[in-house]
Amino acid sequence: MKKFYLSLAAALICASASSAKELTFYLGNNAIENNGKVSYDLQAGDVDDFGDYVEYNIQPKLYLHADLVGQVEVNVASNHEVQVCIGSCVKDTDITLSLNVQSNQKLDLQYHMFGNADNVKDIPTYISTFTAYYTNDKENTKKSFTITVNPGTGAVKGVALTSDFAAIDGGIAYAVESPATLTIYSLTGRKVLATKINGTGTISTSNLPTGVYLCQLNCKTKKIVLK
């Protein structure tokens with residue numbers, strides 16, 4: 001009998017060790033592929049037209065599902081200010097929130113964009129990259145995706161998927177076919193930012209002073225103006 005209990009205990013330990021922590025992003029009821037790209041077009045009720053101006057209140061239904069108990073860190077980097085509410089609400093272009101999750105919990109990220117414009121065509125295109133991971137196992141649990149909200153306005157020029165980039169309000173939009181390093185230099189040649197990129201997304205430059213910089217991606221270098 002003692003041998004049986006020992007075998008049972010060993011089996012339970014092995015089962016517990018084999019349980020992997022897993023995070024999954026959702027748009028509505030649809031799971032988002034890791035490093036994937038999704039888009040959200042304006043829906044009825046997102047915009048109120050008052051004739052001489054419009055007000056917009058856009059809230060795509062984004063969720064984060066956690067399989068196991070633990071502490072999770074969520075980062076959102078956007079080309080314009082967005083608001084995310086997980087426990088507390090933060091509005092910025094670069095948001096990092098830490099939270100404790102429960103087993104099998106699906107969190108409403110309360111991703112929110114609001115403001116006003118002269119007309120619907122002037123409502124910005126928002127590009128946000130979401131990243132989440134368990135703080136004690138970043139390497140194995142990190143998940144990321146990019147969402148483009150209101151892609152039809154042309155407020156942000158698209159970047160062809162051929163290792164290219166473009167300055168946008170508050171950041172740099174990029175598109176690459178394989179992992180690469182994007183580097184920003186001052187006009188005096190001082191490196192001010194270097195980051196690994198892959199696929200399509202945006203890098204926040206809100207911590208850099210406005211002005212003219214040199215941006216390098218692979219063998220391509222060009223001047224950009226950060227506003």
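Predicted model only: the values in this text are computed from it and were never measured.
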>> Testing the basics here: between Ala132 and Val74, what is the closest heavy-atom pair and its distance to 0.1 Å?
In response: CB-CG2, 4.2 Å

> Can you find a side-chain donor-acceptor pair between Asn75 and Thr131 that sits under 3.5 Å?
Replying inline: no

>> The criterion is side-chain hydrogen bond (donor to acceptor under 3.5 Å, both in side chains); which residues satisfy it with Asp92, sequence neighbours excluded?
In response: none

>> Distance check, rounded to the nearest 0.5 Å: Lys222 atom NZ versus Gln216 atom CD?
In response: 13.0 Å

> For the residue pair Leu99 and Ile86, what are the closest heavy atoms and their distance?
Replying inline: CD1-CG2, 3.6 Å

> If you take all heavy atoms of Leu27 and Ser39, which pair is closest and at what distance?
Replying inline: CD2-O, 4.2 Å

> For atom CG of Asn29, is the number of surrounding heavy atoms from other residues, nucleotides or ligands below 6.0 Å larger than 12?
Replying inline: no

>> Assigning hydrophobic clusters by single linkage (Ile, Leu, Val, Met, Phe, Trp, Tyr; side-chain heavy-atom cutoff under 4.5 Å), is Leu97 placed with Leu23?
In response: yes

>> Tell me whether Lys142 at atom NZ has more than 12 heavy atoms from other residues, nucleotides or ligands lying less than 6.0 Å away.
In response: no

>> Exactly one of Asp46, Val47, Leu42 should register a side-chain contact (heavy atoms from CB on, under 4.5 Å) with Asn150. Which one does?
In response: Leu42

> Side chains of Asn79 and Ile127: closer than 4.5 Å at any heavy-atom pair?
Replying inline: yes

>> If you apply the rule side-chain contact (heavy atoms from CB on, under 4.5 Å), what do you find for Thr146 with Thr202, and how did you get there?
In response: CA-CA 8 Å; Thr146 299; Thr202 183; 5.9 Å; no

Could you pull out all donor-acceptor pairs under 3.5 Å where a side-chain atom in residues 57-67 meets a protein atom, sequence neighbours excluded?
| residue | atom | partner | partner atom | Å |
| --- | --- | --- | --- | --- |
| Asn57 | OD1 | Gln59 | NE2 | 3.4 |
| Asn57 | OD1 | His112 | NE2 | 2.5 |
| His65 | ND1 | Asp67 | OD1 | 3.3 |
| His65 | NE2 | Asn104 | OD1 | 2.8 |

>> Ring centroids only, cut at 6.0 angstrom: are Tyr111 and Phe130 within range, meaning strictly under it?
In response: yes

> Does Val101 share a hydrophobic cluster with Val69, counting links as ILVMFWY side-chain heavy atoms below 4.5 Å and allowing steps through other members?
Replying inline: no

> Under 4.5 Å between side-chain heavy atoms, hopping through other hydrophobics if needed: is there a path connecting Leu214 to Val192?
Replying inline: no

>> Walk me through whether Thr93 and Glu81 qualify under side chain to side chain donor-acceptor pair (under 3.5 Å).
In response: CA-CA 5 Å; Thr93 57; Glu81 279 193 341; over 6 Å; no

>> Would you say that Thr205 contacts Ile172 through its side chain, given a criterion of any heavy-atom pair below 4.5 Å between the two side chains?
In response: yes

Distance-only check: which donor-acceptor pairs under 3.5 Å involve side-chain atoms of residues 182-190, not counting sequence neighbours?
| residue | atom | partner | partner atom | Å |
| --- | --- | --- | --- | --- |
| Ser186 | OG | Thr188 | N | 3.4 |
| Ser186 | OG | Thr188 | OG1 | 2.8 |
| Ser186 | OG | Arg190 | N | 3.2 |

> With Asn136, which residues qualify under side chain to side chain contact (heavy atoms under 4.5 Å, CB included), at least two apart?
Replying inline: Lys21, Tyr134

> Can you find a heavy atom in the side chain of Ser78 that is under 4.5 Å from one in the side chain of Val76?
Replying inline: yes

> Partners of Glu73 by side-chain hydrogen bond (donor to acceptor under 3.5 Å, both in side chains), sequence neighbours excluded?
Replying inline: Tyr133

> When you measure from the centre of the six-membered ring of Tyr26, is the NZ or CZ of Lys106 under 6.0 Å away and within 45° of the axis?
Replying inline: yes

> When you measure from the side chain of Asp94 to the backbone N and O of Ser204, does any donor-acceptor pair fall under 3.5 Å?
Replying inline: no

>> I'd like to know if the side chain of Glu33 and the backbone of Ala31 have a donor-acceptor N/O pair within less than 3.5 Å.
In response: no

>> Measuring from atom NZ of Lys223 to atom SG of Cys215, what distance do you get when rounded to the nearest 0.5 angstrom?
In response: 13.5 Å

>> I need the full list of disulfide (SG to SG under 2.5 Å) pairs touching residues 36-145, with sequence neighbours left out, sorted by first then second residue.
In response: Cys85-Cys89

>> Assess the residue pair Val90 and Ile95 against the criterion (side-chain contact (heavy atoms from CB on, under 4.5 Å)); give the C-alpha distance rounded to whole Å, side-chain angles, the decisive distance to 0.1 Å, and a yes or no.
In response: CA-CA 7 Å; Val90 180; Ile95 299 169; 4.0 Å; yes

